[in-house]
Amino acid sequence: MGSSKDDASVTNISVEEHFSVSQSSPGGQFVGPTEEISTAAEALIGRSTTLTEALKAAAMNVGHKPVETTDVAAIKEVETRAIGDDIEGAGGGVTAVASKAVARNKTIGKESEKTNLRDVIAEIDVKVTRDREVTSEDAEAVVQAELNHSPFKNIIPGGVAESVAAAYKLNHDPSL
C-alpha cells in the first residue's frame with residue numbers, strides 16, 4: 001500500500017503483522033519506523049480496546065497538545081468507523097468539535113490558550129453513542145488518514161493513529 005503527495009511517499013502500513021510505518025522523505029531518505037508498542041499501548045492495558053477507548057488513550061498520551069488537522073482526520077476516521085457514516089447527525093460529533101477547535105486555534109497566538117486534544121476527546125462519551133473493538137482495518141485506515149493529513153508524513157507518537165494501532169495490537173494479542 002502506498003500513496004504519494006508532493007513527491008513524498010508512504011509505504012508499508014501494516015498493523016496486522018506488527019505496527020510499523022516506513023516513510024521516505026522527498027529525497028528518498030528513510031525517516032524511520034515508529035515503535036512497535038509505545039506509551040499508547042501502555043495507556044490501554046487493562047482497558048477496553050474499543051475505538052473510543054483508543055481516542056481516550058491518545059488524550060492521556062498527548063492531550064496537552066493543540067488540536068491539529070492531522071488529529072481531525074484521524075478522529076473522523078475513528079468516529080465514522082465507530083458509529084457509521086452519519087457523523088454529521090445529532091448536532092455533529094467529535095469530528096465537528098475538533099474541526100472547530102482547529103479553526104479557533106489558528107486565530108490564537110498563545111499555545112496555552114489553544115484548544116487541546118484532551119478538551120476535544122472529553123466530548124467522546126456524549127457524542128459517540130456506539131462503539132466496537134478495533135480491527136486491523138480500523139488501525140490501518142486511521143494511520144493512513146493521519147499520514148495523509150500530516151505535512152511531514154509521519155504520525156504523532158502517542159497520538160490518535162498510534163493509539164488505535166496499539167488498541168488493535170492488544171485486541172489481537174492481549175499478552176502484550
Sorted by chain and number, sequence neighbours left out, side chain to side chain donor-acceptor pair (under 3.5 Å) with T80 holds for none
For this session: Without swapping roles, check the side chain of N105 against the backbone of T115 for a donor-acceptor pair under 3.5 Å.
Result: yes
Between N61 and H64, the two heavy atoms sitting closest are O-CE1, 4.0 Å
> Any side-chain heavy-atom pair from V94 and V78 closer than 4.5 angstrom?
Replying inline: no
Heavy-atom nearest pair, R104 first then E113, reads NH1-O, 3.2 Å
All heavy atoms of T95 vs all of K76, minimum pair found to be OG1-CA, 3.1 Å
So CG of D131 and CG of L51: to nearest 0.5 Å the spacing works out to 5.5 Å
Across all chains, not counting sequence neighbours, the salt bridge (Lys or Arg N to Asp or Glu O under 4.0 Å) partners of E123 are none
I155 and A161 have their tightest heavy-atom pair at CG2-CB, 4.3 Å
Salt bridge (Lys or Arg N to Asp or Glu O under 4.0 Å) filter on E79, not counting sequence neighbours, yields none
With sequence neighbours left out, the residues meeting side-chain contact (heavy atoms from CB on, under 4.5 Å) with A141 are E77, R81
**Q.** Heavy-atom check, side chain of D71 versus side chain of K65, under 4.5 Å
**A.** yes
Between the OG atom in S163 and the CD atom in E53, the distance rounded to the nearest 0.5 Å is 11.0 Å
Across all chains, not counting sequence neighbours, the side-chain contact (heavy atoms from CB on, under 4.5 Å) partners of K106 are V102
query = Judged by atom type as modelled, is there a donor-acceptor pair below 3.5 Å linking the side chain of K114 to the main-chain atoms of P66?
reply = no
Smallest heavy-atom separation, A167 atom then V134 atom, equals CB-CG2, 3.7 Å
Taken in chain and number order and not counting sequence neighbours, the residues that satisfy side-chain contact (heavy atoms from CB on, under 4.5 Å) with S150 are T70, F152, N154
Closest non-hydrogen atoms of A74 and V160, given as atom of the first, atom of the second and distance, are CB-CG1, 3.5 Å
Those residues at least two apart in sequence (or on a different chain) that pass side-chain contact (heavy atoms from CB on, under 4.5 Å) with A98 are V67, V72, I75, V120
Sequence neighbours excluded, the answer for salt bridge (Lys or Arg N to Asp or Glu O under 4.0 Å) partners of R132 is D138
dist L147:CG -> E140:CD (nearest 0.5 Å) comes out at 12.0 Å
Residue set satisfying side chain to side chain donor-acceptor pair (under 3.5 Å) with D125, at least two apart, ordered chain then number -> K56
### Message
Can you confirm whether H172 sits close enough to S136 that some side-chain heavy atom of one is under 4.5 Å from a side-chain heavy atom of the other?
### Response
no
Residues at least two apart in sequence or cross-chain that pass salt bridge (Lys or Arg N to Asp or Glu O under 4.0 Å) with E146, listed by chain then number, are none
